[in-house]
**Student:** 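Here it is, the structure, as structure tokens.
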Amino acid sequence: MKYRARSEVQRGLFQRELEKFSGQPVFYLDECGVDHRLYRESGRAPRGERIYAAGPGKRRERTRIISAARAGKRVAPLAFQGSGNTEVVDVYFEQVLLPVLPRGSVIVLDNASFHHSPTTLKRVEAAGCHRLFLPAYSPDLNPIEPLWAAVKTRLRKDLPTAANPFLFIADICLCYC
């Protein structure tokens with residue numbers, strides 16, 4: 001898929017930068033959000049016509065998952081309720097991710113503003129790791145994206161019957177590690 005704002009030059013620079021860390025373990029980090037509500041993924045309408053439906057007017061509960069991945073396996077998942085921000089990322093790095101990474105690891109992040117925090121950088125450097133950012137509009141370079149798709153496919157099937165959606169989402173995350 002091609003994105004209009006994506007830069008092939010930046011993609012090439014990223015790939016060259018990543019090659020500099022050849023032989024070191026590379027972990028790709030990303031967040032994912034899951035709504036607890038029931039929703040319909042698709043509907044039927046005559047060809048060429050759209051389906052319009054009224055949506056709920058208030059926000060629903062949402063669980064966020066942050067995790068790293070390496071070699072097709074999820075590493076150090078954390079499920080939480082609320083929004084991702086610098087404080088959440090710092091706690092995740094300090095208490096969940098960095099303790100399980102070997103020194104010299106490379107952590108590849110997207111360009112969310114809270115990933116650029118100086119406090120996060122200090123934690124990563126103190127752990128002897130490196131931080132690298134994906135080029136803008138390049139989710140195809142992040143191998144964790146297909147892992148999120150697998151988790152969401154499973155959740156769409158079973159989340160509606162879960163007694164406690166948050167615990168169910170957290171358990172599913174652990175199953176996919």
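Computed over heavy atoms, backbone and side chain alike; hydrogens, waters and symmetry mates excluded.
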**Student:** Would you mind checking if R11 and E8 are paired as a salt bridge, meaning a charged N to carboxylate O distance below 4.0 Å?
**Tutor:** yes
**Student:** Report the residues that fulfil side-chain hydrogen bond (donor to acceptor under 3.5 Å, both in side chains) with Q81, sequence neighbours left out, ordered by chain and then residue number.
**Tutor:**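 With sequence neighbours excluded, Q81 shows a side-chain hydrogen bond (donor to acceptor under 3.5 Å, both in side chains) to E61, given in chain and number order.
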**Student:** Linking I/L/V/M/F/W/Y whenever any side-chain heavy atoms sit under 4.5 Å apart, do V96 and V124 land together?
**Tutor:**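 Cluster IDs for V96 and V124 match.
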**Student:** Under 3.5 Å, sequence neighbours excluded: what are the donor-acceptor pairs made by side chains of residues 102-109?
**Tutor:**
unit_1: R103; atom_1: NH1; unit_2: A127; atom_2: O; d: 3.1
unit_1: S105; atom_1: OG; unit_2: P102; atom_2: O; d: 2.6

**Student:** Only counting residues at least two apart or in another chain, list the ones meeting side-chain hydrogen bond (donor to acceptor under 3.5 Å, both in side chains) with R131.
**Tutor:**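 Partners of R131 under the side-chain hydrogen bond (donor to acceptor under 3.5 Å, both in side chains) test: none.
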**Student:** Could you measure the distance from the CD1 atom of I66 to the CZ atom of R64? Nearest 0.5 Å is fine.
**Tutor:**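 Going from CD1 on I66 over to CZ on R64, the span is 9.0 Å.
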**Student:** Looking at E94 and R123, is there a salt bridge between them, counting it only when a charged N and a carboxylate O are closer than 4.0 Å?
**Tutor:** yes
**Student:** Set out, in order, the CA-CA distance, both residues' side-chain angles and the distance that settles side chain to side chain contact (heavy atoms under 4.5 Å, CB included) for V88 and F80, then state yes or no.
**Tutor:** CA-CA 9 Å; V88 170; F80 61 95; 3.5 Å; yes
**Student:** Listed by chain and number, what are the salt bridge (Lys or Arg N to Asp or Glu O under 4.0 Å) partners of E17, not counting sequence neighbours?
**Tutor:** K20
**Student:** Identify, with sequence neighbours excluded, every residue that meets side chain to side chain contact (heavy atoms under 4.5 Å, CB included) alongside P165.
**Tutor:** H36, L159
**Student:** Checking the side chain of T161 only, and the main-chain atoms of D158 only, is there a donor and an acceptor separated by less than 3.5 Å?
**Tutor:** yes
**Student:** Listed by chain and number, what are the side chain to side chain contact (heavy atoms under 4.5 Å, CB included) partners of V100, not counting sequence neighbours?
**Tutor:**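 By the side chain to side chain contact (heavy atoms under 4.5 Å, CB included) rule, V100 matches V75, A76.
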**Student:** Just how far is it from atom CG of L97 to atom SG of C129, taken to the nearest 0.5 Å?
**Tutor:** 7.5 Å
**Student:** For D90, what residues pass the side-chain hydrogen bond (donor to acceptor under 3.5 Å, both in side chains) criterion, not counting sequence neighbours?
**Tutor:**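 With sequence neighbours excluded, D90 shows a side-chain hydrogen bond (donor to acceptor under 3.5 Å, both in side chains) to T119, T120, given in chain and number order.
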**Student:** With a 4.5 Å cut-off on side-chain heavy-atom distances among I, L, V, M, F, W and Y, is there a chain of contacts connecting L141 to L29?
**Tutor:** no
**Student:** Please determine whether residues I65 and Y28 belong to a single hydrophobic cluster, defined as Ile, Leu, Val, Met, Phe, Trp and Tyr linked transitively by side-chain heavy-atom distances below 4.5 Å.
**Tutor:** no
**Student:** Are L78 and F166 joined in one hydrophobic group, where the rule is that I, L, V, M, F, W and Y side chains link up if heavy atoms are under 4.5 Å apart?
**Tutor:**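 Unlinked, L78 and F166 end up in two clusters.
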**Student:** Would you check if the side chain of N111 reaches a backbone N or O of L134 as a donor-acceptor pair within less than 3.5 Å?
**Tutor:** yes
**Student:** Please give me the minimum heavy-atom distance between G33 and R62, naming the atom from each residue.
**Tutor:** CA-NH2, 3.5 Å
**Student:** Return the SG to CG distance between C32 and L147, rounded to the nearest 0.5 Å.
**Tutor:** 10.5 Å
**Student:** When you measure from the side chain of N142 to the backbone of E145, do you find a donor-acceptor pair of N or O atoms at a distance under 3.5 Å?
**Tutor:**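 Checking the backbone N and O of E145 against the side chain of N142, no donor-acceptor pair under 3.5 Å is found.
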**Student:** Quick one: which residue pairs count as a ring pair (Phe, Tyr, Trp, His ring centres under 6.0 Å) with a foot in residues 92-135, not counting sequence neighbours?
**Tutor:**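 Output for this query lists F21-H130, H116-F133.
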**Student:** Which residues end up grouped with L13 if you chain together Ile, Leu, Val, Met, Phe, Trp and Tyr wherever their side-chain heavy atoms are less than 4.5 Å apart?
**Tutor:** V9
**Student:** Of all the heavy-atom pairs spanning V151 and R74, show the shortest one and how long it is.
**Tutor:**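 The pair with the smallest heavy-atom distance is CG2-NH1, 3.4 Å.
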**Student:** Within this structure, what is the CG-CD1 distance for the pair D30 and I144, rounded to the nearest 0.5 Å?
**Tutor:** 5.5 Å
**Student:** Please name the pair of heavy atoms, one in E31 and one in W148, separated by the smallest distance, quoted to 0.1 Å.
**Tutor:** O-NE1, 3.9 Å
**Student:** Rounded to the nearest 0.5 Å, what's the gap from CD1 on I172 to CG on L167? Could you check?
**Tutor:** 12.0 Å
**Student:** Could I get the full list of salt bridge (Lys or Arg N to Asp or Glu O under 4.0 Å) partners for E125, not counting sequence neighbours?
**Tutor:**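 Testing E125 for salt bridge (Lys or Arg N to Asp or Glu O under 4.0 Å), a comparison that skips the adjacent residues, returns none.
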**Student:** Could you list the residues that satisfy side-chain hydrogen bond (donor to acceptor under 3.5 Å, both in side chains) with N164, not counting sequence neighbours?
**Tutor:**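 side-chain hydrogen bond (donor to acceptor under 3.5 Å, both in side chains) list for N164, sorted by chain: empty.
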